[in-house]
Amino acid sequence: MTVLLTPLDVAKVREDFPLLTHPFHGKPLHYLDSAVSGQMPIPVIERMAHYQRFEHTNVHRGVSALSQEATDRFEEAREKVRAFLHAPSVKQIVWTRGTTEAINLVAQSWGRANIQAGDEILLSAMEHHANIVPWQMLANEKGASIKVIPMDDRGVLELDQLEALLTPRTKVLGITHVSNVLGTVNPLKAIIAQAHAKGVVVVVDGAQAVPHVPVDVVDLDADFYAFSGHKLSGPTGIGVLYGRKELLETMPPWQGGGNMILSVAWEKTSYMGIPGKFEAGTPAIAEAIGLGAAIDYFNALGLDRIAAHEHALLDYATAELGSIEGLRIIGTAPGKASVLSFVLEGIHPHDVGSILDHEGVVVRAGHHCAQPVMTRFNIPATTRASFAYFNDRADVDALVAAIRKVQEIFGAESDDTSAEGQD
Ligand code: PLP
């Protein structure tokens with residue numbers, strides 16, 4: 001049975017984002033950079049401000065009603081994350097500063113206890129540096145090696161090679177759910193099942209997935225799943241590590257201090273259970289509450305409706321950009337998420353990004369913290385437009401007009417000998 005979704009009322013949604021009506025270089029702002037960081041809607045900003053005005057003190061400390069109130073709000077936010085990921089228990093939700101810290105936690109705690117010399121760490125060719133560098137540091141320390149699942153020219157992983165890459169020495173697979181450069185949505189469930197059949201632990205980077213794809217960590221059977229609040233229209237400085245209970249319970253703490261202990265004596269310190277043993281020091285309280293409010297906001301809009309809107313916009317943008325001569329889209333996997341990377345013939349992405357910026361179109365230009373992806377496609381960088389639920393066709397039209405302007409400027413310059421040397 002086909003279920004018809006009422007479309008998102010984007011004009012109404014946009015009223016929640018004051019920045020979108022704020023002139024930028026004297027022009028209307030077209031924010032097409034949600035993959036770098038989502039904008040926060042007013043209900044999230046106000047929820048955090050309310051906490052700061054009326055509810056703030058430290059959590060998990062003291063008997064005062066105020067401390068209890070702050071702790072309750074903080075723990076309620078953890079429950080919202082649990083429900084959002086469909087995790088079995090709040091004990092499996094560890095607060096971190098973001099995806100990067102969550103993956104470092106796994107590498108430093110689980111990894112240092114379980115990876116030995118000669119072991120193999122398998123990563124995909126489309127990982128963000130956050131899911132590469134922590135593993136390289138661990139591999140260097142332990143004498144382990146890194147192997148890579150390759151991808152094809154569309155940005156689709158070559159999974160026919162997975163079986164051979166999962167050797168008896170493979171201990172862990174680090175894989176992104178959605179690529180931040182290519183938009184590829186990886187078929188995680190099948191990949192995880194294949195890895196588990198060989199006893200390999202799977203660490204998923206969910207940073208780019210959570211705003212676009214409903215996530216069920218139990219259905220995926222992920223061992224670890226990491227994401228950042230700011231990619232989900234929440235604040236910076238807060239993120240999440242979900243972990244399988246049996247793994248989290250056997251992992252040692254990775255940072256020590258207050259808040260994570262049961263008792264401390266000169267002779268011996270004992271630690272809290274999960275998740276407390278991984279949360280040393282005062283946490284980002286307002287930010288956790290803000291992330292809870294962002295989840296409420298997403299739930300109210302409806303992830304299915306968001307996905308339908310973004311897919312329609314991506315189709316429109318792909319067709320419009322596809323009609324521009326000299327423009328090549330990088331990342332053409334079927335069913336991709338709303339990330340559109342491209343290169344313009346003869347024009348460096350940094351120049352494209354700067355001119356677009358002056359036209360009020362905010363995109364990202366660079367290697368997107370995924371230099372191996374740039375190497376794979378033999379390009380120095382891309383310009384990337386990423387679409388969120390508050391974007392509309394006017395944003396795409398502004399992008400297209402601004403790209404044409406870039407081509408006009410560079411076309412004019414290339415007629416002029418002084419424009420030599422653009423790499
Ligand atoms: N992984 C992916 C796929 C990302 O896009 C990002 C951020 O751009 C990260 C990890 C790192 O996130 P954070 O900087 O919030 O830790």
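For the numbers below, each heavy atom of this structure counts, side chains included, while hydrogens, waters and symmetry mates do not. Whatever order the structure lists ligands and atoms in, that order sets their numbers, starting from 1.
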### Task
Would you mind listing which atoms of ligand 1 come within a distance below 4.0 Å of any non-hydrogen atom of S228?
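Those of ligand 1 that fall under 4.0 Å from S228 are 12 (O), 13 (P), 15 (O), 16 (O).
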
### Query
Quick one: which ligand 1 atoms are inside 4.0 Å of a heavy atom on A130?
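Those qualifying, in numeric order: 10 (C).
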
### Query
Nearest protein heavy-atom contact for atom 14 (O) of ligand 1: which residue, which atom, what distance?
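For atom 14 (O) of ligand 1, the nearest protein heavy atom comes out as T100 OG1, 3.6 Å.
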
### Query
Passes salt bridge (Lys or Arg N to Asp or Glu O under 4.0 Å), D153 versus R376? Steps please.
CA-CA 9 Å; D153 292 341; R376 165 65 182 78; 2.8 Å; yes

### Task
Pick, from Q208, H128, M126, the option with the minimum heavy-atom distance to atom 9 (C) of ligand 1.
H128

### Query
If hydrogens are left out, which of I103, T236, D205 has an atom nearest to atom 2 (C) of ligand 1, that is, the closest non-hydrogen atom?
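Ranked by closest heavy atom to atom 2 (C) of ligand 1, first place is D205.
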
### Query
Are the aromatic ring centres of Y389 and F298 under 6.0 angstrom apart?
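Ring centroids of Y389 and F298 are less than 6.0 Å from each other.
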
### Message
Between ligand 1 and T176, is the shortest N or O to N or O distance under 3.5 Å?
### Response
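Between T176 and ligand 1 (N or O atoms, distance only) the closest approach is not under 3.5 Å.
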
### Message
Just verifying a value: how many Å separate D152 CG and D160 CG, rounded to the nearest 0.5 Å?
### Response
9.5 Å

### Message
One residue to check: R97. Relative to ligand 1, which of side chain, backbone, both or neither has a non-hydrogen atom less than 4.0 Å away?
### Response
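Contact part for R97 vs ligand 1: neither.
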
### Message
Applying a heavy-atom cut-off of 4.0 Å, say which part of K231 lies close to ligand 1: side chain, backbone, both or neither.
### Response
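Looking at K231 and ligand 1, just side chain atoms fall under 4.0 Å.
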
### Query
Is R73 positioned over the aromatic face of Y51, cation under 6.0 angstrom from the ring centre and no more than 45 degrees off axis?
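That pair does not qualify as a cation-pi contact.
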
### Query
Does a donor on one side chain and an acceptor on the other come within less than 3.5 Å for E127 and S124?
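Yes, a side-chain donor-acceptor pair sits under 3.5 Å.
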
### Message
Can you tell me if R97 has over 12 outside heavy atoms packed within less than 6.0 Å of its CZ?
### Response
no

